[in-house]
Amino acid sequence: MDNAILEKLPDFLETLGIDESPMGLCYVNEKPEYGFSPKSSEMPTREREINDEVDWEAVFGNFSCAMGHVWLARKKKTNAYFSSDQFGCPGAFFYLGFTKPQTETIINSLTSGIPGVMDGDHYCKSPEELRNIFEHLDPRPAPQKYCLVKPVDQFTKDELPECVTFFVRPESMCGLHEICMYITSEAEVVVAPNLTACASISAWPLHYLQKGQRRAIIGGFDSVARKYFKVDELSFTVSWDMFSDMLTEYEGSSLKTANWKGMAKKIEMSKKR
């Protein structure tokens, strides 16, 4: 990581009225020495599902939301990490790249359910339609053993996050939205694709990155994960190269104009409320 870029981070955050470091996501082969992670669990892969080898009662009994671990890492300013046997949630297991395709049990649980077995969450009208969405998202296979999420200012010179996520309220998000337009000159640079909160900070930004498209992802609309967000807070995720450009170029953007300085009062009002 280029530490010279991070030297501008404190002023960048202060300008936006953001009180905490954004979180970086990367993949590593060595297990972190400390931090928050799910308990070990058997892997609910599609192959094992076909062979009737998945103990779904155990899988759901060991459930923990990935965003819950990220929330703890944010509060304690430390690591959250996940692996193929420490995933907590079958959804995160898929989105973080530890299995593919998604199991039919999970697809059914998120849509119409399984008669006599489980009620569906009805996030999508049918299993077929959700399956199509998953095939379009097509999460990249995890390139290394562990998915690591930690404050971006804790990355060493030998580490480089692929994605950087801000957790912000609307007034500060306005500034992030404006700087993304400034550095890319693309009117549709900011998108808000659906699915879970953890997909918004991992699978979706990596999806666009793999396609060579510069996109910022607004997330946190997942009602299950809202308990791990502050009131009125959403996530805003960019690739590392976009984050670097933000810090390099923001001083020439609208964030240093009189109009933006006028936002400071609204930001403080938002914090008080």
Side-chain angles (χ1 to χ4, degrees), residues 1-3 5-6 21-48 64-70 73-74 78-103 106 133-166 191 193 195-217 219 235-245:
M1 177 185 291
D2 186 352
N3 290 331
I5 292 177
L6 287 186
S21 173
M23 304 292 282
L25 178 148
C26 70
Y27 286 81
V28 298
N29 274 326
E30 291 190 16
K31 184 176 182 178
E33 296 181 359
Y34 52 86
F36 299 96
S37 65
K39 296 178 181 178
S40 294
S41 180
E42 67 170 87
M43 297 180 286
T45 65
R46 177 66 179 131
E47 181 180 2
R48 297 188 71 236
S64 63
C65 179
M67 295 308 297
H69 298 284
V70 173
R74 289 174 58 194
T78 188
N79 303 313
Y81 61 93
F82 312 88
S83 69
S84 60
D85 64 350
Q86 291 179 273
F87 51 86
C89 166
F93 187 45
F94 172 73
Y95 298 128
L96 297 179
F98 294 119
T99 188
K100 195 164 52 176
Q102 180 58 282
T103 62
I106 298 304
I133 291 172
F134 284 160
E135 289 175 358
H136 168 72
L137 176 58
D138 190 27
R140 183 197 67 182
Q144 299 190 65
K145 187 173 181 179
Y146 295 94
C147 176
L148 174 64
V149 181
K150 66 179 180 177
V152 72
D153 54 9
Q154 292 185 15
F155 279 75
T156 70
K157 64 179 182 180
D158 298 322
E159 298 174 324
L160 189 67
E162 291 188 89
C163 307
V164 177
T165 297
F166 299 84
V191 297
L195 295 177
T196 65
C198 63
S200 296
I201 70 169
S202 59
W204 277 117
L206 292 173
H207 167 85
Y208 288 108
L209 193 60
Q210 289 284 102
K211 295 172 68 175
Q213 298 178 356
R214 306 185 86 194
R215 294 289 184 270
I217 314 297
S235 64
F236 192 97
T237 303
V238 296
S239 62
W240 170 254
D241 73 294
M242 288 183 67
F243 176 72
S244 298
D245 286 349

(request) List the steps, then state whether side-chain contact (heavy atoms from CB on, under 4.5 Å) holds for Phe87 with Ser41. (result) CA-CA 8 Å; Phe87 51 86; Ser41 180; 4.0 Å; yes
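- Going from atom CD1 of Ile133 over to atom CD of Gln102 covers 13.0 Å, rounded to the nearest 0.5 Å.
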(request) Take Phe82 and Leu148, measure what side-chain contact (heavy atoms from CB on, under 4.5 Å) needs, and give me the verdict at the end. (result) CA-CA 7 Å; Phe82 312 88; Leu148 174 64; over 6 Å; no
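- The aromatic rings of Tyr146 and Tyr81 sit perpendicular, their planes meeting at an angle over 60°, well past the 30° parallel limit.
- The CE atom of Met23 sits 8.0 Å away from the CG atom of Asn79 when rounded to the nearest 0.5 Å.
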(request) Let me see the working for Ser202 and Leu25 under side-chain contact (heavy atoms from CB on, under 4.5 Å), right down to the final yes or no. (result) CA-CA 8 Å; Ser202 59; Leu25 178 148; 3.9 Å; yes
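- In the model, Ser64 has a side-chain atom that pairs as donor or acceptor with a side-chain atom of His69 under 3.5 Å.
- Checked against a 6.0 Å centroid threshold, the rings of Phe134 and Phe94 count as neighbours.
- Side-chain contact annotation: Ser83 with Asp85, donor-acceptor N/O pair under 3.5 Å present.
- For Arg74 and Phe36, the positive end is not near the middle of the six-membered ring at less than 6.0 Å and at most 45° from its axis.
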(request) Start with the C-alpha gap between Glu42 and Arg48, add the side-chain angles, then the distance that decides, and say whether salt bridge (Lys or Arg N to Asp or Glu O under 4.0 Å) holds. (result) CA-CA 10 Å; Glu42 67 170 87; Arg48 297 188 71 236; 3.0 Å; yes
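- Checked by atom type and distance alone, the side chain of Arg140 never pairs as donor or acceptor with a backbone atom of Gly97 at under 3.5 Å.
- A distance of 8.0 Å separates SG in Cys26 from CD in Gln144, rounded to the nearest 0.5 Å.
- For the side chain to side chain contact (heavy atoms under 4.5 Å, CB included) criterion with Ile201, the lone passing option out of Thr196, Thr165, Ile217 is Thr165.
- Nearest heavy atoms, Thr78 versus Gly35: OG1-CA, 4.2 Å.
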(message) Asp138 vs Lys100, test: side-chain contact (heavy atoms from CB on, under 4.5 Å). Steps then yes/no.
(response) CA-CA 8 Å; Asp138 190 27; Lys100 195 164 52 176; 2.8 Å; yes
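- Inter-residue side-chain proximity for Pro141 and Phe98 is flagged as unmet; no heavy-atom pair is nearer than 4.5 Å.
- What you find for Gly24 and Pro161 is that their closest heavy atoms are CA-CB, 3.9 Å.
- Under a 3.5 Å cut-off, the side chain of Glu159 and the backbone N or O of Thr156 do form a donor-acceptor pair.
- Rounded to the nearest 0.5 Å, atoms CD (Glu162) and CG (Leu209) are 7.0 Å apart.
- No side-chain donor-acceptor contact under 3.5 Å links Gln86 and Ser40.
- Using a 30° and 60° split on the angle between ring planes, His207 and Trp204 fall in the perpendicular class, above 60°.
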